[in-house]
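The structure under discussion appears below in the form of structure tokens.
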Amino acid sequence: MHANFSHDSSAKPYFTAHSSWLFGRRVRQTARRTTVPHVHNNGQIFVVESGVMAVKTQDAYWLIGPEQLLWLPPRLAHEARSHGAITGWSLYIAGDRCAFLASKPFVADSTRLLSAQVERLSENTQNTTWDARTACLAESFWDEFLSIPHQSVSLPFPGDVRLKRVADALCANPADSRGQQDWADMAGMSLRSFVRYFTADTGIQFSAWRQRLRILNAQEKLARGENVTHVAAAVGYESLGAFAAAFKKNTGYSPSAYAQRCMTR
């Protein structure tokens with residue numbers, strides 16, 4: 001994703017063997033933005049300070065909230081959308097630095113040190129030549145980034161075309177209340193086969209997958225400032241209490257506290 005959510009080629013960093021290996025800039029959006037599927041030749045680290053960013057690839061869906069970051073490896077097709085105002089930083093990483101990193105995206109909690117380093121680097125890496133101080137800061141940032149534990153918080157999409165029909169239908173309407181037998185019928189499978197194959201394909205039981213999808217959609221809606229009661233109904237919960245319990249179990253926050261956390265500072 002481009003830092004300014006555009007496709008202006010001038011925003012893309014250019015690296016040579018004799019230049020800097022990192023290019024960063026501050027991101028501050030005041031309205032909802034989206035991108036079409038696209039790729040970067042370089043790796044990207046997107047750090048969210050406030051607001052929520054959603055990123056989708058062919059295989060999975062990630063949601064990055066305040067004080068979190070997302071790693072995107074080079075040449076991975078992805079699309080992105082922000083929900084309302086968002087602030088943060090976008091860093092592009094030269095290919096040779098990406099060789100030892102995960103070949104798939106991951107989310108991690110940012111640290112205070114890393115956020116401070118990113119803020120400074122975004123102010124001092126606009127040019128392709130660095131002074132010694134900037135080079136040392138970049139190496140310190142890289143050590144901190146590599147030490148942060150990864151989280152497994154994505155929503156994986158099934159690869160099986162029959163199961164993908166079900167996933168696509170639920171993504172289009174997370175509130176769809178049809179039972180597992182109905183979804184098995186859509187996939188053209190017996191209920192037993194549907195449950196078994198869905199878990200094997202995604203690594204998550206179907207019921208847990210559907211709940212995670214609903215909570216992710218709820219997070220996006222809350223980040224846009226939508227009413228908690230409306231959000232609960234929109235993602236398929238008839239009981240506000242049940243929604244609040246599920247939301248806190250999955251995110252660690254009550255819906256209202258999460259919405260407050262996403263507000264732009």
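The shown structure was predicted, so the numbers you read here are calculated from the model rather than taken from an experiment. Heavy atoms only: backbone and side chains are in, while hydrogens, waters and symmetry mates are out.
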Decide yes or no for [X] and [Y]: does some side-chain heavy atom of the first lie under 4.5 Å from some side-chain heavy atom of the second?
| X | Y | answer |
| --- | --- | --- |
| L69 | I64 | no |
| F243 | V231 | yes |
| L70 | I45 | no |
| I93 | L101 | no |
| Y197 | T199 | no |
| H78 | H40 | yes |
| E49 | I86 | no |
| I148 | L114 | yes |

Shortest non-hydrogen separation from [X] to [Y] and the atoms involved:
| X | Y | value |
| --- | --- | --- |
| C171 | L213 | N-CD2, 3.9 Å |
| L240 | A232 | CD1-CB, 4.0 Å |
| P255 | V228 | CB-CG1, 3.8 Å |
| A259 | L222 | CB-O, 4.0 Å |
| A234 | A175 | O-CB, 3.3 Å |
| S239 | A242 | OG-N, 3.1 Å |

Donor on one side chain, acceptor on other, Q117 and S140, under 3.5 Å: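 Short answer, yes.
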S90 side chain to Q44 side chain, donor-acceptor N/O pair below 3.5 angstrom: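 Side chains of S90 and Q44: pair found under 3.5 Å.
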When rounded to the nearest 0.5 angstrom, what is the spacing between [atom1] in [X] and [atom2] in [Y]?
| X | Y | atom1 | atom2 | value |
| --- | --- | --- | --- | --- |
| Y92 | F23 | OH | CZ | 8.0 Å |
| W209 | I204 | CH2 | CD1 | 9.0 Å |
| L170 | N217 | CG | CG | 10.0 Å |
| S115 | W89 | OG | CH2 | 5.5 Å |
| I215 | L155 | CD1 | CG | 11.5 Å |
| K56 | E79 | NZ | CD | 5.5 Å |

Do any N or O atoms from the side chain of [X] and from the backbone of [Y] form a donor-acceptor pair under 3.5 angstrom?
| X | Y | result |
| --- | --- | --- |
| H38 | V36 | yes |
| T134 | W130 | no |
| R33 | S82 | no |
| D201 | G159 | yes |
| N250 | A246 | yes |
| N41 | P74 | no |
| R28 | T87 | no |
| S122 | E119 | yes |

Pair S207-Q180, side chain to side chain contact (heavy atoms under 4.5 Å, CB included): steps then yes or no: CA-CA 8 Å; S207 58; Q180 290 193 11; 4.1 Å; yes
Pair C136-F141, side chain to side chain contact (heavy atoms under 4.5 Å, CB included): steps then yes or no: CA-CA 9 Å; C136 287; F141 155 79; over 6 Å; no
Ring pair (Phe, Tyr, Trp, His ring centres under 6.0 Å) partners for [X], two or more places apart:
| X | result |
| --- | --- |
| F145 | W142 |
| F194 | F198, F206 |
| Y258 | F247 |

Test salt bridge (Lys or Arg N to Asp or Glu O under 4.0 Å) applied to R210 - qualifying residues, sequence neighbours left out: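 Residues passing salt bridge (Lys or Arg N to Asp or Glu O under 4.0 Å) with R210: none at all.
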With sequence neighbours left out, which residue pairs that include part of [range] fulfil the salt bridge (charged side-chain N to carboxylate O under 4.0 Å, His left out) condition?
| range | answer |
| --- | --- |
| residues 129-148 | R97-E139 |
| residues 167-183 | K164-D168, D176-R178 |
| residues 222-231 | R224-E226 |

For [X], give me all partners under side-chain contact (heavy atoms from CB on, under 4.5 Å), at least two apart in sequence or on another chain.
| X | result |
| --- | --- |
| S254 | S256, A257 |
| S190 | R192, S193 |
| L76 | T57, L72, P73, P105 |
| A233 | none |

Over 12 non-hydrogen atoms of neighbours within 6.0 angstrom of CD in Q181: yes
side-chain hydrogen bond (donor to acceptor under 3.5 Å, both in side chains) against Y253, all qualifying residues, sequence neighbours excluded: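 Partners of Y253 under the side-chain hydrogen bond (donor to acceptor under 3.5 Å, both in side chains) test: R261.
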V107 vs W71, side chain to side chain contact (heavy atoms under 4.5 Å, CB included): CA-CA, chis, key distance, verdict: CA-CA 6 Å; V107 171; W71 159 250; over 6 Å; no
Audit row: R112, E67, side chain to side chain contact (heavy atoms under 4.5 Å, CB included) steps and yes/no: CA-CA 9 Å; R112 290 185 178 182; E67 300 175 1; over 6 Å; no
In one Ile/Leu/Val/Met/Phe/Trp/Tyr side-chain cluster, 4.5 Å: L146, L113: no
